Amino acid sequence: MRRVVQMGETVVVRYETRADAAAENQRLVERVFRELNETAPEGLRYGAFRLADGVGFVHVALVEGDDNPLRRSAAFAEFQHGAAGRMAVPPVSAGATLVGSYRLFRS
């Protein structure tokens, strides 16, 4: 039997880095995922994508419940700390509603 997942808040963030900062941005994002894989916090589903243009990034976070584990992540804090200096186009953040997915977010 499949577990039914109650979705909480979903946020989609899109931004563009400066060309010379894209690799550093990716390195910092990868560090966030290494930490998440080590600590395995409950209540978070999170993905980040680097777009084909090489400078665009999209992050999708599904937070189940009221507690966002990213708020306690040292690697995420480091990623956010210098973000403004890496950006060519500031982040646009929007809430989102999942309409459908096929194996994108497995339980």
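The model shown is predicted, which means the values in this text are computed figures rather than measured ones.
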Got a second to check how far [X]'s [atom1] is from [Y]'s [atom2], nearest 0.5 Å?
| X | Y | atom1 | atom2 | result |
| --- | --- | --- | --- | --- |
| E64 | E42 | CD | CD | 8.5 Å |
| E9 | T97 | CD | OG1 | 11.0 Å |
| L28 | T17 | CG | OG1 | 11.0 Å |

Seminar exercise, completed: Residues passing the ring pair (Phe, Tyr, Trp, His ring centres under 6.0 Å) test with F79, sequence neighbours excluded, are H59, F76
Using every non-hydrogen atom in the two residues, find where [X] and [Y] come nearest and quote the distance to one decimal.
| X | Y | value |
| --- | --- | --- |
| A61 | Y46 | CB-CD1, 3.8 Å |
| P69 | L44 | CG-CB, 3.9 Å |
| S93 | V13 | OG-CG2, 3.8 Å |
| R72 | D67 | NH1-OD2, 2.5 Å |

Exercise. So if you build clusters from Ile, Leu, Val, Met, Phe, Trp, Tyr with side-chain heavy-atom gaps below 4.5 Å, do V55 and M87 land together?
Worked result: no
Exercise. Please, which pairs that meet salt bridge (charged side-chain N to carboxylate O under 4.0 Å, His left out) have at least one residue in residues 74-88, sequence neighbours excluded?
Worked result: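 Checked against salt bridge (charged side-chain N to carboxylate O under 4.0 Å, His left out) - neighbours excluded - the pairs reaching residues 74-88 are R31-E78.
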Problem set entry | Note: R27-E30 ion pair, threshold 4.0 Å (strictly below) | no
Problem set entry | Among L51, N25, V89, the one residue meeting side chain to side chain contact (heavy atoms under 4.5 Å, CB included) with E16 |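 Among the candidates, only V89 passes.
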Seminar exercise, completed: From the list V60, T10, L62, side chain to side chain contact (heavy atoms under 4.5 Å, CB included) partner of R45 resolves to L62
Exercise. In terms of heavy-atom contacts, does CG of D66 have more than 12 from other residues, nucleotides or ligands at under 6.0 Å?
Worked result: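 No, not enclosed.
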